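Report on one structure; see the data block that follows.
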Amino acid sequence: MRVHVLGSAAGGGFPQWNCNCPNCAAYRQGSPHHTARTQSSITVSADDSNWVLFNASPEILQQIRSFPALQPARQLRDTAIRAIFLMDAQIDHTTGLYMLREHRQPLALWCHALVRDDLMRGNPLLKVLEHYCGTRWNDVPLDHSHFPIDGVPGLLFSALPLLSNAPPYSPHRDQPQPGDNVGVTITDTATGKQLFYAPGLGTMEPHVWAAMQTADCVLVDGTLWTDTEMITLGASQKTSRSMGHLPQSGPGGMLEWLDQLPATTRKVLIHINNTNPILDASSPQRQELARRGIEVAFDGMEITL
């Protein structure tokens with residue numbers, strides 16, 4: 001299984017266009033310790049020819065250009081993206097669907113019914129796409145089953161509900177329902193290797209922890225370092241947990257959980273907010289991650305399982 005990180009930042013990307021936090025300011029001043037990142041998305045394949053796109057960020061065209069495997073150029077109009085899997089209905093994970101409207105057939109879309117509802121009503125993106133290529137919706141089951149995706153040989157997928165938060169335009173905002181956010185285990189049927197992917201994870205529930213413990217690699221929520229990071233900087237009045245993201249540090253934080261995984265598990269943080277000090281490669285927080293054997297995803301990162 002080959003995993004390619006197309007984008008590694010949280011909503012807004014890094015640097016965020018209107019932000020002058022220490023990280024964004026340092027990047028603009030030419031810091032060698034800060035690297036620009038687009039909004040989070042990955043793509044996965046077992047044969048290097050047929051790929052599943054997980055989330056469609058606003059920078060999807062830039063991300064496709066950066067990864068030629070997604071454009072094999074076998075005919076006049078072509079793509080190696082066989083399906084698009086949405087983890088939630090957030091703007092930073094769905095807006096890129098507009099950029100794919102030139103497809104010659106309906107986009108093969110996989111998402112939970114609640115996500116589809118948000119994209120038909122609160123943010124009616126899928127209705128707009130009906131005027132272009134349209135979509136062919138596939139419901140994502142949450143019954144622990146392992147299902148294939150048409151056109152993507154060698155991989156099985158299993159989704160589970162996550163406690164995070166629904167978008168502001170969802171009727172479930174601040175009261176998320178099972179299916180508003182999902183995590184997914186991707187299994188290579190030839191090797192048995194597994195990736196667990198959860199870019200938005202607000203609470204470590206038993207079924208989530210079980211999935212992480214059996215994975216060979218976890219690619220999980222790295223949005224904020226502390227629960228009060230946005231409040232301390234004056235950027236927001238919301239805590240990390242209230243926004244649906246488990247902070248890395250502090251009691252019950254992501255680092256404590258990752259420390260309990262088997263030593264053989266590869267641990268990678270993704271969906272990193274522009275304010276997070278781990279974006280500074282010289283920061284004590286980044287050194288702390290290195291000491292614990294935890295990696296920070298970057299645009300273009302490759303993971304082979």
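Note that the coordinates shown come from a computational prediction; the quantities given were computed from them, not determined experimentally. Below, each value reflects all heavy atoms present in this structure, side chains not excepted, and no hydrogens, waters or symmetry copies.
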Matching residue for N165 among D174, N181, D180 - test: side chain to side chain donor-acceptor pair (under 3.5 Å): D174
Are V182 and V115 side-chain neighbours, meaning at least one heavy-atom pair lies under 4.5 Å? no
Backbone N or O of [Y] within a donor-acceptor pair of the [X] side chain at under 3.5 Å?
| X | Y | answer |
| --- | --- | --- |
| N50 | D48 | no |
| R266 | T264 | no |
| S145 | F147 | no |
| D299 | T38 | yes |
| D221 | H245 | no |
| T135 | W137 | no |
| R74 | T79 | yes |
| S170 | D118 | no |
| D216 | T265 | no |
| T228 | I231 | no |

Of I186, T187, L155, the one forming a side-chain contact (heavy atoms from CB on, under 4.5 Å) with H146 is T187
Member of I91, D92, L97 meeting the side-chain contact (heavy atoms from CB on, under 4.5 Å) criterion with T95: I91
Using a cut-off of 6.0 Å, state whether more than 12 heavy atoms not belonging to [X] lie near its atom [atom1].
| X | atom1 | value |
| --- | --- | --- |
| H207 | NE2 | yes |
| R173 | CZ | yes |
| D259 | CG | yes |
| Y132 | OH | no |

As a quick check of understanding, evaluate salt bridge (Lys or Arg N to Asp or Glu O under 4.0 Å) for R2 and E302, giving each step before the final call. CA-CA 7 Å; R2 183 181 177 192; E302 288 269 348; 2.9 Å; yes
Answer yes when E288 and R291 have at least one side-chain N-carboxylate O distance shorter than 4.0 Å, and no when they do not. yes
For R286, is there an ion pair with D280 - N to carboxylate O distance below 4.0 angstrom? no
T226/E229 under side chain to side chain contact (heavy atoms under 4.5 Å, CB included): CA gap, chis, key distance, verdict: CA-CA 5 Å; T226 69; E229 183 173 310; 3.3 Å; yes
Using 0.5 Å steps for rounding, measure from the CZ atom of R116 to the CZ atom of R121. 9.0 Å
I need the L255 CG to L289 CG distance, nearest 0.5 Å. 6.0 Å
Determine, step by step, whether L269 and Q248 satisfy the side chain to side chain contact (heavy atoms under 4.5 Å, CB included) criterion, reporting the C-alpha distance in whole Å, the side-chain angles of both residues, the deciding distance to 0.1 Å, and the verdict. CA-CA 9 Å; L269 298 173; Q248 279 115 65; 3.9 Å; yes
is_close_aromatic(W51, F67), centroid dist under 6.0 Å: yes
Pair F196 and W209, ring centroids less than 6.0 Å apart: no
Can you give me the closest heavy-atom contact between K127 and M120, atom names plus distance? CE-O, 3.3 Å
Minimal non-hydrogen separation, P72 against A80, with atom names: CD-N, 3.7 Å
In terms of the angle between their ring planes, are Y197 and F54 parallel, tilted or perpendicular, with boundaries placed at 30° and 60°? perpendicular
Please evaluate residues T223 and H271 with respect to the criterion side-chain hydrogen bond (donor to acceptor under 3.5 Å, both in side chains), reporting the C-alpha separation (whole Å), side-chain torsions for both, the decisive distance (0.1 Å), and the verdict. CA-CA 5 Å; T223 306; H271 194 269; 2.9 Å; yes
Cluster question for you: counting only ILVMFWY and a side-chain heavy-atom cut-off of under 4.5 Å, with indirect links fine, are L219 and F157 together? yes
Applying the 4.5 Å side-chain criterion to the ILVMFWY set and letting contacts propagate, would L156 and V52 be lumped into a single cluster? no
Starting from the C-alpha separation in whole Å, work towards a yes-or-no answer on side chain to side chain contact (heavy atoms under 4.5 Å, CB included) for M243 and R241. CA-CA 5 Å; M243 291 190 289; R241 285 186 169 86; over 6 Å; no
